[in-house]
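Scroll down for the structure; my scribbles are underneath it.
All heavy atoms count here, side chains included; hydrogens, waters and symmetry mates do not. First listed ligand is number 1; within each ligand, the first listed atom is number 1.
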Amino acid sequence: MMSDITTQTPVENFINGKFLKNNQPTLDVLNPADGSFISTVPLSSSQDVDGAVQAAAKAFIGWSKMTLKERVQIFFRYRALLERDMDELTKLVQLENGKTYGEAKAEVEKSMELCEFAVSLPQIVVNEVQEVSKGVECRIERKPLGVVASISPFNFPNMVPHWTIPNALILGNTMVMKPSEVVPLSTVRMAELLKEAGLPDGVFNLVNGGKEVVEAICDHPDIKAVSFVGSTKVAKIVYKRATSTLKRCVALGGAKNHLLVLPDANPDMTASNVVASMSGCAGQRCMAASVMVGVDKVQHIIDKMVDETKKLIPGDNLGSVISAAAKERIERYIGEAESNGAKILVDGRNTIVAGKEGGFYVGPTIIDYVTTDMSVAREEIFGPVISIIRAKDLDEAIEIENGSNYGNAAAVFTQSGGLAKQVMDRASAGMIGVNIGVPVPREPFSFGGWNESKFGVGDITGRSSIEFWTQNKKTTTKWNPQAQTNWMS
Ligand code: NAD
């Protein structure tokens, strides 16, 4: 049991309602805020995946026969348990991910909102029926797929699993979940809480590990659908591999979000929003600002952004990045930009927090005079770093945004509705902000990017997810023996 967050219990797989020891090699799980050891996580095998799929397939028989209304009752209770254990769940996210308490709490709150959408599904998923000719009815019913899988990244240990678990299960599927091996503790607690809420054994199964588990999920003949969230490199691998075995798949990838700042933008609001967007969760959000495109005369806003970064204290209101390797990668990007002629206005390299010397910290970093050919303009850095590219006008700014391979989010800061509308219409991204630095759609509006930020049809949450997690059964019935036989009956 992992409910005591100070316990260094090894993480175990959760299959058919039980935590199971396995003899696979393990990885150490570290607290990125100070580098200390927390636990170990097993690197499970394809046999472990198979065991979980078998349990899920068996559980599907009973679970899929329950009504939607019965299944949601469990998630009403589950949401209440998230609320009851909010503080503990928040601290668990903090412990394994290194973000601040406030950021971790916001994650758990978002998970509750995702449950609220899911428990409303009986109000939304109302099947269709029509008398198409005298005594003949056509109906469409949404049916679950069977055993499905969900694979998540390190940056939102609590929220991202909730993008899939409540909707997929309430719609009648059973699941094999593979959390990031870097942050496996939050999902262990979810398994415990789902059980406490009354979820039948085998409906939710947890298989820990890395690449081998993901590959086994993609290849398993009895898994019907795969949902993936992570980097674009792995999203492409997973999308290709899962669909090559004829599964449906939605795979969310990385991001390079552009914030277009116009000279008429409100200076204080813009500076604080841009800095909050690039530094929140230490820049490790797929919705984080990564490039600011400064249109024409915006020096006064950039000066304010520099002032804003002075309010960020690593180890206090700025959390750590996830690992020593992440810190090294982020600092390498800053160094490359500097040697290619960009100007480092605020430099977060070599940050050490007193008392947490083993932690992985990067201070807020602003890089100015970045050009579109530099790696900091094109690649996902995933740290508290923003690259400023100067543009002469809005057309050039939009062209820069459109030039990115990614397309998760884009935002514009302006007081002009007309100029904002141009960005709303022309930005090549799935989620747009107007004077909002992190334009995450709240439920029931769905989440998902464009271009190389997402592969597959539809978004991962909201109404799209209903399509993804179900298949339509179309039935035609005739109850009137006297009904004339016509061309179709
Ligand atoms: P990652 O791609 O390294 O890992 C994601 C998952 O894939 C993990 O469960 C991991 O075990 C597995 N994995 C890693 N390498 C693999 C391989 N070679 N083959 C098969 N599986 C593999 O991502 P991460 O570092 O955990 O998370 C950060 C990334 O996720 C960033 O790129 C971020 O933008 C992205 N992200 C995107 C969204 C979105 O909504 N688009 C949301 C959150 C995070």
What is the closest protein heavy atom to [atom], and at what distance does it sit?
atom	answer
atom 12 (C) of ligand 1	V214 CG2, 4.0 Å
atom 17 (C) of ligand 1	K211 CG, 3.8 Å
atom 2 (O) of ligand 1	S231 OG, 2.6 Å
atom 13 (N) of ligand 1	V234 CG1, 3.8 Å
atom 26 (O) of ligand 1	F154 N, 3.0 Å
atom 7 (O) of ligand 1	F228 CE1, 3.3 Å
atom 39 (C) of ligand 1	C286 SG, 3.2 Å
atom 33 (C) of ligand 1	F382 CZ, 3.3 Å

Checklist entry - Taking the six-membered ring of Y369, is the NZ or CZ of R390 close enough (under 6.0 Å from the centre) and on axis enough (within 45°)? => result yes
Item to check | Given L206, V53, V148, the one that forms side-chain contact (heavy atoms from CB on, under 4.5 Å) with V176 | outcome: V53
Checklist entry - Taking all non-hydrogen atoms of both residues, which atom of Y361 and which atom of A33 are closest, and how far apart? => result OH-O, 2.9 Å
Item to check | Single hit among S387, S404, S453, S290 for side chain to side chain donor-acceptor pair (under 3.5 Å) with K256 | outcome: S290
Item to check | Residues which pass salt bridge (charged side-chain N to carboxylate O under 4.0 Å, His left out) with K195, listed by chain and number, not counting sequence neighbours | outcome: D201
Examine the proximity of ligand 1 to [X] and report which part, side chain or backbone, both or neither, has a heavy atom under 4.0 Å away.
X	value
E380	side chain
I151	side chain
W163	side chain
F156	neither
S152	backbone

Going by the atom numbers of ligand 1, which of them fall below 4.0 Å from some non-hydrogen atom of [X]?
X	value
G254	32 (O), 34 (O)
N155	43 (C), 44 (C)
E181	10 (C), 11 (O)
K178	8 (C), 9 (O), 10 (C), 11 (O)

Just by distance, with hydrogens left out, do [X] and [Y] show a side-chain donor and acceptor under 3.5 Å apart?
X	Y	value
N22	D48	yes
D34	S36	yes
S44	N13	yes
E96	S186	yes
K247	T245	yes
D347	T365	no

Item to check | Any protein heavy atom < 4.0 Å from atom 41 (N) of ligand 1 | outcome: yes
Item to check | Closest to atom 35 (C) of ligand 1 (judged by heavy-atom distance), picking from P153, A288, G230 | outcome: G230
Checklist entry - If we only count N/O pairs under 3.5 Å, is G253 in contact with ligand 1? => result yes
Item to check | H162 side chain near Y78 side chain, heavy-atom distance below 4.5 Å | outcome: yes
